[in-house]
Amino acid sequence: FLTFDGQLKWDHQNITYRVQNYSPDLTPEVIEDAFARAFAVWSAVTPLTFTRLSHGPADIVIQFGTKEHGDGYPFDGPDGLLAHAFPPGPGIQGDAHFDDDEHWTLGKGEVVYTRFGTAEGAACHFPFTFSGRRYEACTSDGREDGLPWCATTPDYDQDGLFGFCPSELVYTLDGNAAGSPCVFPFVFEGRSYSSCTTDGRSDGYRWCATTDSFDRDRTYGFCPNRASAVTGGNSAGEPCAFPFTFLGRSFAACTAEGRSDGRLWCATTHDYDRHRKWGFCPDTGYSLFLVAAHEFGHALGLDHTTVREALMFPMYSYTEGPPLHADDVEGIQFLYGPRTEPDPRPPTAPPTGRPPAPPTDRPTAPPAGHPPAPPTGRPTAPPTGRPAPPSPADDVCSVSVFDALADIGGRLHFFKDGRLWRASPRGRGPVEGPWLLSDVWPALPPRLDAAFEDPLTKNIFFFSGGQYWVYAGRTALGPWRLEKLGLGSTVQRVTGLVQRKAGKALLFSGEHYWRMDIKSQSVNRGAPLPVEELFSGVPLEAHNVFLYKGNIHFCRDQFYWRVTPRGQVDRVGYVTFDIAQCP
Amino acid sequence: APRGGPGPTLVLFPGDQSRNRTDRELAEEYLVRFGYRLPGEMQDGGPGQAMGPALRRLQKQLALPETGELDPATVAAIKAPRCGVPDLGN
């Protein structure tokens, strides 16, 4: 990752932002939601919070604009430059600008959200049937007022759910008319207009009056782009007019005729030869969420990275997964540190998939309190002791940073201050426990640094400070000093053991690792190797390393970095939320 | 081989911003815009060999093979949609 020269960053954590205007491509609600989610990407891994202001000065001012839009860094029409942002600071610094010549979507093509009607703002469902006919786009059929509408389920006749599609006849954006619809015809500078116009403006935005005379009342708003509106050309925002005539031929769909670049276009009147009004047909568009998350990275102090998979790589690419790469997380945490508090918990029940577990429901005594038998029947692998008495510390979700995690008996075990929990057999149900460590493995101290089960012998290694133990069945061996493994006296603790092949493992301690023969309990002679040489992109200060479901996990604070068998970090997340499946 | 009739009719669309520019013209503009080259460098040595070091910087930054040439991968990269913040410099 890279930061800007001078490591520009905000000197406070409660960042404010204001959305100055909206793109006609999406409804304001969808735009606001995309921005809020983009900020949440960064607040999830930092102590930063983001608050939207409706007016007044804000740290980050967000603006849509085209071409030269006031800052000396003009946009370039469709495609090419999508957006830009300024590093943290006063004034224009920290602001984010989006090129409104782009087709802004959520990355997968046009999503038409409705207003009013009976669908409470749901998106159109295309195709839908109405009076037995199939519709692929918004229609004004069935209405006398010409308002475009759509069904939000496949069958309007059956469900009756509908809403109005974006249209200047339904609402306007920004302006000074509080979203009132256009009034046609209206008079502007003595001329009558019966549709939205760009006259009187240099930025190309389409507008209308919301009374019959702008000259008299001066109330106006910007026209939202209708569904299936074209981009570029000389009619941006207008819908295609099918069928249209071009070079004497009739076209009922977008075409690449007449062009050498293969781009699809359509006319926005029924006769191109006569009116010459045209634009490019809408495509999948660019995800406002992803581009905003990238630009907000700049607004927080991150420069472009050379890691192609990272969000802060300069080129746009669409992804449905979490947008942050380990490189992004390291970069932003370099500036602001990691998140220090868990996400706020809603007061209502947790989402389905993890049943609520009030304290009174906790098992407190046998027989119900006995943990289920281990899957292998082996007496020592999983816990067999009695559950600990309930207390606030019993909730695995209240633990921010675990002492150690380890896959034992095919189930992930979570260790913290003398307690342990274990994941459900397939890792899909709620975590079970806690149990007292002293009940299960009595020889161990309450605070562990690492644990490891040798898949070959099923012996379990436990590490704490400068000592380690080995449990073979119910028999505890040790403790021994770490020097017995061949580690130098400077090694204060072991942070993890990961099996590489039968009988061999990697032993981690801080920024170094050793190759270890498990049977002889000895590491290779020679200097330890730096972790970063074998595992790029993982935190050097990892305090726990373990293998789970075939991937190596490096834990630092409440986060984990997951490394695939091919050595790539493919995920960074919260231990509690992602691995312990806390709500 | 087909002799072919008249080719497809190409039309000059009003307001079409997609001017026909050569890949080299696009690359030169890209190198300056995103900080790989200063505008003054454009004249140094003519438009040819002087692009090599700047192209290498670009290719390194964009995780492309560092050929120093305006190869297809580099041309595709400079035509791809992207953020307007310069990659190098302020």
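Heavy atoms only: backbone and side chains are in, while hydrogens, waters and symmetry mates are out. So you know, we letter chains A, B, ... as the sequences are listed, proteins then strands, and number each from 1.
- The contact list for residues 61-74 of chain B toward chain A, using heavy atoms and a distance under 4.5 Å, reads B/Gln61, B/Leu62, B/Ala63, B/Leu64 by residue number.
- If you measure heavy-atom distances from A/Tyr272 to chain B, the contacts under 4.5 Å come from the side chain alone.
- Note on ring orientation: taking the six-membered ring where Trp is involved, the planes of A/Trp265 and B/Phe13 are perpendicular (angle over 60°, cut-offs 30° and 60°).
- Using a 4.5 Å cut-off between heavy atoms, A/Phe86 makes no contact with chain B at all.
- Rounding to the nearest 0.5 Å gives a distance of 12.5 Å between NE2 of A/His84 and CZ of B/Arg82.
- Only the side chain of A/Glu295 comes within less than 4.5 Å of a heavy atom of chain B; its backbone N, CA, C and O stay farther away.
- A/His304 is listed as a side-chain neighbour of B/Val85, based on a closest heavy-atom distance under 4.5 Å.
- Proximity to chain B (any heavy atom under 4.5 Å) is shown, for A/Ser235, by neither the backbone nor the side chain.
- For the atom pair CZ (A/Arg259) and CG (B/Leu12), the distance works out to 9.5 Å, reported to the nearest 0.5 Å.
- A 4.5 Å side-chain heavy-atom check between A/His298 and B/Cys83 finds at least one atom pair inside the cut-off.
- Looking at heavy atoms from C-beta onward, B/Val11 lies in side-chain contact with A/Leu247 at the 4.5 angstrom threshold.
- Once rounded to the nearest 0.5 Å, the distance linking CG of A/Asp79 with NZ of B/Lys79 reads 12.5 Å.
- With chain A as the partner, the residue from B/Gly84, B/Ala80, B/Pro14 showing the most heavy-atom pairs under 4.5 Å is B/Pro14.
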